[in-house]
A.B. asks: 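Please find one structure pasted underneath; my questions will follow.
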Amino acid sequence: MSLLGKRFKLVDDFNQAKNHDYHLLPSRFAGLDDGRYLLSNEVGEYLVVDRPQLESYVRKIVDQDTDFYHDLKSKHFLFDDDSNVAIDLLALKYRTKALRTSQFTSLHIFVVTLRCDYTCQYCQVSRQTDDKHAFDMSEETASKALALVFRSPSPAIKIEFQGGEPLLNFNLIQYVVSEAKKLNETHKRDLQFVITSNLSFLDDTVLAFCQEHGIHLSTSLDGNEALHNSNRPRPGKNSYKITVKGIKNAQRFLGRDKIGALMTTTEKSLSQVRSIIDTYLEHNLDCIFLRPLSPYGFAVKNHQTQKYDIDRWFEFYKEGLDYILEINRQGHHFVEVYTQIILTKLLSPFNTGYVDLQSPSGAAIAAIVYNYDGDVYASDEARMLAEMGDRKFRLGSVHTDSYEDIWLSDVLLDTLESSLSESAPMCHDCGFLPYCGTDPVYHYATQQDVVGHKAFSGFCAKNMKIFKHVIKLLEDPDTKKILTNWVR
């Protein structure tokens, strides 16, 4: 088209727009596939549109007598004289999305020991051998950490015990649970406990204690016996049999809803996703989290993170999700957890609380870590980075710093400021922004910059692929029915 022709077309578009008495609301878009785009607004409402539809929306020349116009109106992409209430609804949904941020820190992680009886090559924690008691948290440290826990204004408090292997310091877990419940008689919070354990030391005493106090257990199960034993070796022992025995005992004593499992994808896992899922089904587990390796601890020292890229992991994820959907079509409710988190953000007005997919970052304001020595870190990943020798995200110590010192520290405030997706380069105008986050610790670990260059970000590449894939799956009515049932 000639320059003069383009000018005439712009004038024509403008004249048409004058006849459309409606107003656009804030929105973003991103390419979905050839010729189609995702159009999203501030609260995550979305439409899949073709290029002519997108252009008519951007130029404000949508025909008001079309279904497309009414879709835009109902999902808060525009409003007219008949729908001023749309702005109030949009504001309500935005406040709902931000509610968890206003409630502040709910997850408090106690690293009660770095000792561990396993020698996993991908370990992200830089564990210590199980005879080094110097790496145990003391009661004094735990008490000071508890004093900080109940300063949080959150109506719900979850205390999670991690390690190393936390059951190697079970006496301290008993102490923390007892003291927390005493404190809660005054504070009246919705108080929960989780022990993240390899279950090697799960005995009747531990189970009875968990039963008495309603404690949940979380463990690692990487797949079938050969794969699990290879990924998670325990000197002189069969780690798979120990883990499976622990899962069954926990299910029998505590109930199936009180024990969950996580897997980590290694190079050996990539060709075995169906077998991994079958293992979870075999042991009466209702969900699986198909997690890639994270760039921390022994996973970096042993070069495990270099053995596959995001593209290869994504093929693993897609194959696994297809198989899980097939299982659901056969009448068995089984969930992929990361997909569930994304679906909740796509299809509901609620924030999931998942730290990595928050803006600003959930570092310290959603979850915080009290290390065995009393040092306080902005996230579990920040603590892992510190074990590698970089304490950039250390916020203070329970022994020397107050609640205000820690949560108002320059380290935390600077991190949160840099983690706002709405102001981050390549994030602020991305159509997937309502569902994503910026993960400053990951980007610092991989690019030495808390913002990171998103064009080279594995975090960004992974999530963009997953968002697009899940949105396309939702276009099939039968698949959407299954996936909608996963939304919390």
Side-chain angles (χ1 to χ4, degrees), residues 111-133 135-136 160-174 193-211 213 215-266 268-269 272-273 275-291 293 297-299 302 304 337:
V111 181
V112 297
T113 183
L114 286 190
R115 293 186 292 137
C116 188
D117 55 320
Y118 277 57
T119 57
C120 307
Q121 290 298 300
Y122 63 63
C123 180
Q124 300 163 12
V125 181
S126 298
R127 81 272 156 175
Q128 300 294 326
T129 55
D130 59 7
D131 60 342
K132 296 185 177 180
H133 290 271
F135 295 94
D136 287 357
E160 182 172 323
F161 301 102
Q162 290 191 12
E165 170 45 51
L167 291 182
L168 284 169
N169 197 5
F170 180 58
N171 287 341
L172 186 76
I173 292 175
Q174 292 175 297
F193 302 97
V194 179
I195 300 174
T196 300
S197 168
N198 60 37
L199 307 182
S200 295
F201 302 96
L202 185 70
D203 56 21
D204 289 348
T205 300
V206 174
L207 285 167
F209 182 77
C210 291
Q211 186 178 51
H213 297 283
I215 298 173
H216 287 68
L217 294 172
S218 177
T219 192
S220 293
L221 180 62
D222 276 4
N224 59 55
E225 185 168 3
L227 178 61
H228 185 88
N229 286 342
S230 176
N231 282 354
R232 299 181 57 78
R234 186 174 188 268
K237 304 288 184 179
N238 186 318
S239 62
Y240 176 83
K241 289 183 178 178
I242 292 172
T243 300
V244 168
K245 179 182 177 182
I247 290 172
K248 291 187 181 302
N249 285 339
Q251 289 172 336
R252 184 171 62 254
F253 270 77
L254 309 176
R256 283 180 56 185
D257 62 323
K258 292 295 195 297
I259 174 75
L262 293 172
M263 60 81 60
T264 301
T265 307
T266 63
K268 293 178 181 178
S269 310
Q272 302 187 56
V273 67
S275 173
I276 293 168
I277 293 166
D278 286 340
T279 301
Y280 274 63
L281 291 169
E282 178 186 349
H283 298 300
N284 296 313
L285 296 165
D286 295 329
C287 62
I288 191 169
F289 195 149
L290 299 173
R291 299 190 306 164
L293 283 165
F298 285 109
N302 295 320
Q304 297 297 311
V337 174

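Quantities reported herein were computed from a predicted structural model and do not represent experimental measurements. In this chain, residues are counted from 1 in sequence order.
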A.B. asks: Of all residues at least two apart in sequence or in a different chain, which pass the side-chain hydrogen bond (donor to acceptor under 3.5 Å, both in side chains) check with Ser200?
C.D. replies: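 Ser200 satisfies side-chain hydrogen bond (donor to acceptor under 3.5 Å, both in side chains) with Asp117, Asn198, Arg234 only.
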A.B. asks: Apply salt bridge (charged side-chain N to carboxylate O under 4.0 Å, His left out) to Asp278 and list each qualifying residue two or more places apart in sequence or on a separate chain.
C.D. replies: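 Checked Asp278 against salt bridge (charged side-chain N to carboxylate O under 4.0 Å, His left out); zero matches.
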A.B. asks: Check whether any side-chain N or O of Gln272 sits under 3.5 Å from a backbone N or O of Gly223 as a donor-acceptor pair, and report yes or no.
C.D. replies: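 Not a single qualifying donor-acceptor pair exists.
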A.B. asks: Are Pro233 and Tyr118 side-chain neighbours, meaning at least one heavy-atom pair lies under 4.5 Å?
C.D. replies: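 Not touching, per the 4.5 Å side-chain cut-off.
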A.B. asks: Between Arg115 and Glu165 (side chain of the first, backbone of the second, donor and acceptor by atom type, cut-off under 3.5 Å), is there such a pair?
C.D. replies: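 Absent.
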A.B. asks: Tell me the salt bridge (Lys or Arg N to Asp or Glu O under 4.0 Å) pairs involving residues 216-232, sequence neighbours left out?
C.D. replies: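 Listed by first then second residue: nothing to list.
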A.B. asks: State, yes or no, whether a side-chain contact exists between Ile173 and Leu167 at a heavy-atom distance under 4.5 Å.
C.D. replies: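 Touching, per the 4.5 Å side-chain cut-off.
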A.B. asks: Got a donor-acceptor contact below 3.5 angstrom from the Thr266 side chain to the Asn231 backbone?
C.D. replies: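 The answer is no, because no donor-acceptor pair under 3.5 Å joins these two groups.
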A.B. asks: Mind listing the closest non-hydrogen atom pair of Asp136 and Thr113 along with its distance?
C.D. replies: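 Heavy-atom minimum between the residues: OD1-OG1, 2.5 Å.
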A.B. asks: Does Thr279 use its side chain to pair, donor to acceptor, with the backbone of Ser275 at less than 3.5 Å?
C.D. replies: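 Yes; at least one donor-acceptor contact below 3.5 Å.
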A.B. asks: Closest approach of Asn229 and Ser239, non-hydrogen atoms and distance?
C.D. replies: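 Minimum heavy-atom separation between Asn229 and Ser239: OD1-OG, 3.0 Å.
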A.B. asks: Under the salt bridge (charged side-chain N to carboxylate O under 4.0 Å, His left out) test, which residues partner Arg256, sequence neighbours left out?
C.D. replies: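 Residues passing salt bridge (charged side-chain N to carboxylate O under 4.0 Å, His left out) with Arg256: Asp286.
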A.B. asks: Taking all atoms of both residues into account, what is the closest heavy-atom pair of Pro166 and Gly164, and its distance?
C.D. replies: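 Nearest heavy atoms, Pro166 then Gly164: CD-O, 3.4 Å.
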A.B. asks: Considering only heavy atoms from C-beta outward, does the side chain of Gln162 approach that of Val112 to under 4.5 Å?
C.D. replies: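 No. Closest side-chain heavy atoms not under 4.5 Å.
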A.B. asks: Could I get the full list of side-chain contact (heavy atoms from CB on, under 4.5 Å) partners for Val244, not counting sequence neighbours?
C.D. replies: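 So Val244 forms a side-chain contact (heavy atoms from CB on, under 4.5 Å) with Tyr240, Lys248, His283.
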A.B. asks: Quickly, which of Asn224, Ile288, Thr265 forms a side-chain contact (heavy atoms from CB on, under 4.5 Å) with Ile276? Name it, please.
C.D. replies: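 Result for side-chain contact (heavy atoms from CB on, under 4.5 Å) with Ile276: Ile288.
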A.B. asks: Classify the side-chain pair Glu160/Thr196 by whether it contains a donor and acceptor separated by less than 3.5 Å.
C.D. replies: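 Yes, Thr196 and Glu160 have a side-chain donor paired with an acceptor closer than 3.5 Å.
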A.B. asks: What I'd like to find out is whether the side chain of Leu285 reaches to under 4.5 Å of the side chain of Gln251, using heavy atoms alone.
C.D. replies: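 Leu285 vs Gln251: side chains touch.
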A.B. asks: If you measure from SG on Cys210 to CG on Leu217, what distance do you get to the nearest 0.5 Å?
C.D. replies: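 So the SG of Cys210 and the CG of Leu217 are separated by 4.5 Å.
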A.B. asks: I need the full list of side chain to side chain donor-acceptor pair (under 3.5 Å) pairs touching residues 201-210, with sequence neighbours left out, sorted by first then second residue.
C.D. replies: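 Of all non-adjacent pairs touching residues 201-210, none passes side chain to side chain donor-acceptor pair (under 3.5 Å).
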A.B. asks: Answer yes or no: is there a donor N or O on one side and an acceptor on the other, between the side chain of Tyr280 and the main chain of Leu221, under 3.5 Å?
C.D. replies: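 Flag set: sc Tyr280 to bb Leu221 pair under 3.5 Å.
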A.B. asks: Flag the pair Val194 / Ile215 as yes when at least one side-chain heavy-atom distance between them is below 4.5 Å, and no otherwise.
C.D. replies: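 No - every pair of side-chain heavy atoms lies 4.5 Å or more apart.
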